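Read the structure below first, then the notes.
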Amino acid sequence: MNSAHHEGVYYIKKAKDFRGPTNRADNGVLVGGLWSPVGPIECISLSKALGGTTIVAVETVVGSFALPLYDHINDASDQIFGSMKSQNPIFDHPTLQLLEKCQTLDTLKQVHAHMLTTGLALHTFPLSKLLLVSSTLAVSYSLSVFNQIRNPTIFLFNTLISSLTSNHNHLTHIAFSIYNRVLSHKTLRPNCFTFPSLFKACGSDPWFHHGPALHTHVLKFLGPPYDHFVQASLINFYAKCGKVSVSRYLFNQIAEPDLATWNSILAAYAHSSCSGSGSISGWAASLSLEALWLFTEMQNSSIRPNEVSIVALVSACTNLGALSQGTWAHTYVLRNNLKLNRFVGTALIDMYAKCGCLDLACQLFDQLHARDTLCYNAIIGGLAIHGYGRRALDLYEKMKLEGLAPDDVTFMVTLCACSHVGLVEKGCRVFESIKEVYGMEPKLEHYGCLVDLLGRAGRLKDAEERVRTMPMKPNAILWRSLLGAAKVHGNLEIGEVALKNLIKLEPETSGNYVLLSNIYASVDRWDDVNRVRKLMKDQGIVKVPGSSLVEIGGAMHEFLMGDKTHPHLKEVYLKLEEMNKRLSEYGHKPRTREVLFDIEEEEKEDALSYHSERLAIAFALIASHSSAPIRIIKNLRVCHDCHVSTKLISSIYEREIIVRDRHRFHHFKDGTCSCSDYW
DNA sequence: GTAGGGTTAG
C-alpha cells in the first residue's frame, strides 16, 4: 500500500477493546460514519499489516499524517493510537488547546478566525472541537459555524446533535431539525453515534412520542446486531416513558449484555419503582425486587458491577425499605474498592435516611468529600421526613455558605422540613426567597409545600387563599394536603371544597374518600359517612388495604390489615391480645372515630387493633431481639389510634419503634414520638 | 461525536 494514498488514518483501536456487535464496521472495517479516501481495500491491508487488528473506525482528518502510523505498524496497541495522537499536529494543535480554553464568545471568534486563515477549519476534528466549545458558550454561534461547513460529515452532524442534547434540554427541537437534515441528505446516513443522544433527549416530556419513531429508524439504518450504546439508550428511553416491559424485552434480546446495558436495565427497574405514587405499592415493590434479582443475575455473569450498578441497587433497596440489602451494597462498595463518589454517596444517604437510620445517613454525609446540591438535598430531605426541621434548616444555611446554589428540590425539601415541625414563618421566608433572592419562579410543588405548611399549622384560610391566588392550576397532591389539614383541624367547609376538586382529578383513588369520610366521622355525621360509602360502592372503588413491612433476620415480613395468612398467625394474634390487655391497663381507650364505616363500637376496636402495623409490631416483639429497634414500613399514613397506642407500646415494652408511613418517619421511644404529635 | 448513576410536596 502506498502511503501517498493516505490522507490520514486515525482512531484505531484493537478489536478486543471493541465490545459488542460491530455494525460500526462494514465487512469488518469501518468507518466512523465517514467514508475515508483510504477505502476498504486499503483498510483491510492495513488491518493485516497491524497483525490482524481490526480497524474499527477510520476517519480522514488531514493529509500527511499517515507516516507515524507506519512507524509503529508492528505494535498494534493503544499506544499506537496514543503516540499517533501525540505526533499528530492536528490533535494537539496549539490552536485547539487555545480553543479549549475559550471562556468568552469573543475569544472564541478570534480563534475561529485563526482556524479559517490557517486552514484548520477545513478538517473534521478541529471543527468538531469548535462545535463543542461554541455550543457551551453560544448555541447560535455553533449553529452558524455548522451552517458554514460546506460538506459536513456525519461525525460533525453527530457532534452538533450531541452537544445540543447534552447541554441544552430546551434545544431538543433544534437537535431534531439537524437530525432531519441527516435524513434528507443524499449520501449521509445516521449511524450508531447519532441515536443515543437523541434517545436521551426523548427521555423527558414532551419528547416521549418521538422515541418510537426513532426506534424504527434504528431498525432501518442499523439493523441487528445492535450497538450496545444504542441498546442502552433505548432501554433507558422506554423506562423513562413508563414502558419498563419494552425495556426488558429489548434487554432480553441482547445475547451478551455489557456493563452499560446491565446498568440500563437495573436503572430502569430501580427508577420506575420510585416514580409515581410515592408510596410502596405492590407493583412498585415488584419492580424494585426485580432490580435486586437482576443484580444477582449480573453477578453470575462475567460483568462486574460498577458504581452505576450500585446506585441502581441502592435505589431499589430504598424503595423497598430493605435496610439489610442496602447495607450490603454499602459494604460491597468498600470491599471491592469502588468509589464512594457523590452518586453512590447520595443514594446511600437517601437509603439510610429512608430506612430509618438517620444517624448513619448523617455520618455518611459528613464523610463525603465532594458534596454537591443533590447530596445536600438528600440529607435535608432525610432530616425533614424524620422531623428534624431545625437541623435541616442549619444544613440549608451551611450549603449556601459552601457556595452551593439551592435548586427546586432544595426548596421543596426545606419547605417540607419546616412544614413537619410547624416552622411557619421560617418556611414562608424560604418560599419568598425563591423569587426575591434567587430570581426563580416558585413551581407548583413549592406552592404545594406552602399550602401544606399553612394548613397543618391551622392557618386554613391563608392556605385556601394561596390556592385561589397561585398562578397555576392546583394538582391532586395539593388538594389532598389541604384536605388533610381540613381533617386535622376539623374544617368541613374547606375539606369538602378540597375533596370536590380532588375527586375531579383523581376519581379512582380510595384514600380521598376515606379522608372525607373520616372528617364526617370525626363530627359524627354518619349519614354523610354512609353517603361516601355508597358513592365508593357505586363507583366500584375499593379501599387499599393497609400493609406493613417489618424486617426480621434479613427477611421482610408483610402484614395486611386483619391478616390471616402469616405462618406465625397464632402467636401474632396471641401477642396482640396481650398487647391490647396491657394497653387498656395503661388506660388506653381506642379512638374509634376514624374507622370508616358506622359499625358497632366493639367491631371498630377490633378493626383498629388489627391495623397492619399493630400486627407487624406484635410479630417483631415475638421474633426480634429485645434490644433491637423495630423498623416498620407502612403504605398508608399512621392513624390516630395507632399513633397513640404505639407510643404506649414503646414505653410498656421498652422498645424503640421506627415507623415509616406514607409521608414521614415516627420514632416512638419511652412513650413519645419524634413528630411531637404534629403530623 | 455515543450509553448507564444520586435528591423531588402529601
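Computed from a predicted model, the values in this text were never measured in an experiment. No hydrogens, no waters, no symmetry mates; every other heavy atom, side chains included, goes into these values. Note on naming: letters A, B, ... go to the chains in the order of the sequence lines (proteins, then strands), and numbering restarts at 1 for each one.
Within the 4.0 Å cut-off from OP1 or OP2 of B/dG10, at least one side-chain nitrogen or oxygen of A/Arg456 is found. Between A/Lys200 and B/dG4 there is a side-chain N or O to OP1 or OP2 distance below 4.0 Å. Put simply, A/His446 has no side-chain N or O that comes within less than 4.0 Å of OP1 or OP2 on B/dT8. The side chain of A/Asn236 places an N or O atom within less than 4.0 Å of a non-bridging phosphate oxygen (OP1 or OP2) of B/dG5. The phosphate of B/dT2 has OP1 or OP2 within less than 4.0 Å of a side-chain N or O from A/Ser162.
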### Task
For side chain to side chain contact (heavy atoms under 4.5 Å, CB included), just list the numbers for A/Leu358 and A/Cys362, CA-CA rounded to whole Å, side-chain angles, deciding distance to a tenth of an Å, and then say yes or no.
CA-CA 6 Å; A/Leu358 188 64; A/Cys362 292; 4.3 Å; yes

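The closest side-chain donor-acceptor pair between A/Asn236 and A/Ser233, if any, does not fall under 3.5 angstrom. Side-chain contact of A/Asp227 with A/Asn191: a donor-acceptor pair under 3.5 Å is absent, judged by distance alone. For the residue pair A/Arg248 / A/Tyr238, no side-chain donor-acceptor distance below 3.5 Å is found, with atom types taken as modelled.
Heavy-atom distances under 4.0 Å link DNA chain B to A/Asp372, A/Leu374, A/Cys375, A/Asn377 of residues 366-382 of chain A, given in residue order. In the region residues 346-356 of chain A, proximity to DNA chain B at under 4.0 angstrom, judged on heavy atoms, holds for A/Thr346, A/Asp350, A/Lys354.
The residue A/Asp408 sits apart from the nucleic acid: no heavy atom pair falls under 4.0 Å. Backbone-only contact: A/Ala267 has heavy atoms under 4.0 Å from sugar-phosphate atoms and none from a base. The residue A/Leu132 sits close only to the backbone: its heavy atoms come under 4.0 Å of sugar-phosphate atoms, none of a base. Here A/Asn475 lies in heavy-atom contact (under 4.0 Å) with a base. Here A/Ser128 lies out of heavy-atom contact (under 4.0 Å) with every strand.
Annotation: cation-pi pair A/Arg466/A/Tyr447 absent, no NZ/CZ under 6.0 Å from the ring centroid and within 45° of its normal.
Counting only distance, with no hydrogens or angles, the side chain of A/His489 and the backbone of A/Leu460 share no donor-acceptor pair below 3.5 Å. Distance alone, capped at 3.5 Å, places no donor-acceptor pair between the A/Asp452 side chain and the A/Ser419 backbone.
Salt bridge status for A/Asp661 with A/Lys634: absent, with no side-chain N to carboxylate O gap under 4.0 Å.
Residue A/Phe193 and nucleotide B/dG1 are classified as a stacked aromatic pair, their ring centres being separated by less than 5.5 Å at an interplanar angle below 30°.
For A/Phe343, there are no ring-ring contact (aromatic ring centres under 6.0 Å, His included) partners at least two apart in sequence or on another chain.
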